[in-house]
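Below: the structure, in structure tokens.
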Amino acid sequence: MALDPLILKVISIGLGLMFLFAAYHKLSDTANFRVTLLEYQVMPDLLVSPASRIIPLLELFLGGCWLLSVYLQGLIATGSAVLLGLYALAIGVNIYRGRVHFDCGCGFAGKNEKEQYLSGGLIFRNGILMIAALIALVPSSGRELGVGDYLTLFAALLAGVLLFGAANQLLANRAAINTWRNLRD
Amino acid sequence: MTEAVVVSNVILWVVVIVLGLVVLALARQVGVLHERVAPAGALQPTSGPKVGELTEAMSLSDISGRDITIGGPSPDQLHTLVMFISPTCPVCKSLVPTAKSLVNAERKRMQLVFASDGDKLAQHQAYARDLKLDKYPYVLSEKLGRAFEVSKLPFAVLVGADGTLQSKGLVNTREHLESLIEAMDTGIATLQEYVGMAQQDYERSMKEKAS
């Protein structure tokens, strides 16, 4: 079954924007991102400093390729899914350890954004994004896109951004509510 | 036909985007609400017996004639939450069901006692019936109120199973009541003390990481 090029376009521009914002968020505050990486405690301390430089550049590269529809024979899609999977794994390991009260480092709006603590919801979110990236591996049909398709593309992206923002906000709310007293009934 | 599909598609997209905006706005509002409603503990008066002091056992009888002892070590190893209420206090009326539900959630280790004062027994009996307090002891004692120096209502006192005063304060919401139990569980008397400790902890860990 061939994938409609419109769906591929929606996925690639959506993921492209997401990776670029994520990279911008990390590059605009490198010191903070280094602290976040340390908090995760998933790599030797010696590697944290170089990793904190490489990860944003990798995201920048992935985002740029998605946005320009450069797929490198599926390498970009696979690479994105692997990166998102590694994030999910790091979050999962820390939830298992019970270390959840630090910022996940996955915000998108620069320094002013509130902290977002780790939760299972973030793993679910990354799972959805991984599926989206892998769908892009399906070969697409050669249908020519018309004006209507571009309008749909714009509307779908706008709706996607709004729902992504709402989902993030709800995750942050839930983390805040979880700090309240738990009742045993 | 095609035209109808296009129009319906455009309308549907507009609806989807507006709905997305509404969901985002709602989620943000919940977040803002949470920020605005900063946690607040029960207002603890400085007068009266201090937290940690042993309370004096007081033998009283409630409005239906049952004997009850308040204060001192508890024979059945239960903490006692004493709620001071009065038929003339409007906040008390709304807080009584809250206190009942909270203690019910903690019923394995806690019992609830209502206390008031005054000599119009019939009025208090009607009040207790009205609020369905028949399952709980309801004592009328000026002496009890004076022992804990209750000056404003609704006031709650939490006496530990060992008879020591665990926490006390003026309570207006469920959160205030919960703060009394939280204070007992954590051994931290006030929210201010807790925030101060958390702040120091955070600063220390940030310094360690930066160096």
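A note on names: the letters A, B, ... follow the listed sequences, proteins ahead of strands, and every chain is numbered from 1.
Atom NZ of B/Lys100 has more than 12 heavy atoms from other residues, nucleotides or ligands within 6.0 Å. More than 12 heavy atoms of other residues, nucleotides or ligands shown are found within 6.0 angstrom of CG on B/Asp201. The environment of A/Arg143 atom CZ is dense: over 12 non-hydrogen atoms of other residues, nucleotides or ligands sit within 6.0 angstrom.
Residue pairs meeting the ring pair (Phe, Tyr, Trp, His ring centres under 6.0 Å) criterion with at least one member in residues 26-52 of chain A, sequence neighbours excluded, are A/Tyr40-A/Phe102.
The nearest pair of heavy atoms linking A/Ala166 to B/Ala27 is O-CB, 4.1 Å.
Of the listed residues B/Leu26, B/Leu21, B/Val23, the one with more heavy-atom pairs under 4.5 angstrom with chain A than any other is B/Leu21.
Using a 4.5 Å heavy-atom cut-off against chain B, no residue of residues 69-91 of chain A qualifies as contacting. Interface residues of residues 144-162 of chain A toward chain B, defined by a heavy-atom distance below 4.5 Å and sorted by number: A/Thr152, A/Ala155, A/Ala156, A/Leu158, A/Ala159, A/Leu162.
For A/Phe124, the side chain to side chain contact (heavy atoms under 4.5 Å, CB included) criterion is met by A/Ile128, not counting sequence neighbours.
Note that the CG atom of A/Leu170 and the CZ atom of B/Arg28 stand 11.0 Å from one another [nearest 0.5 Å].
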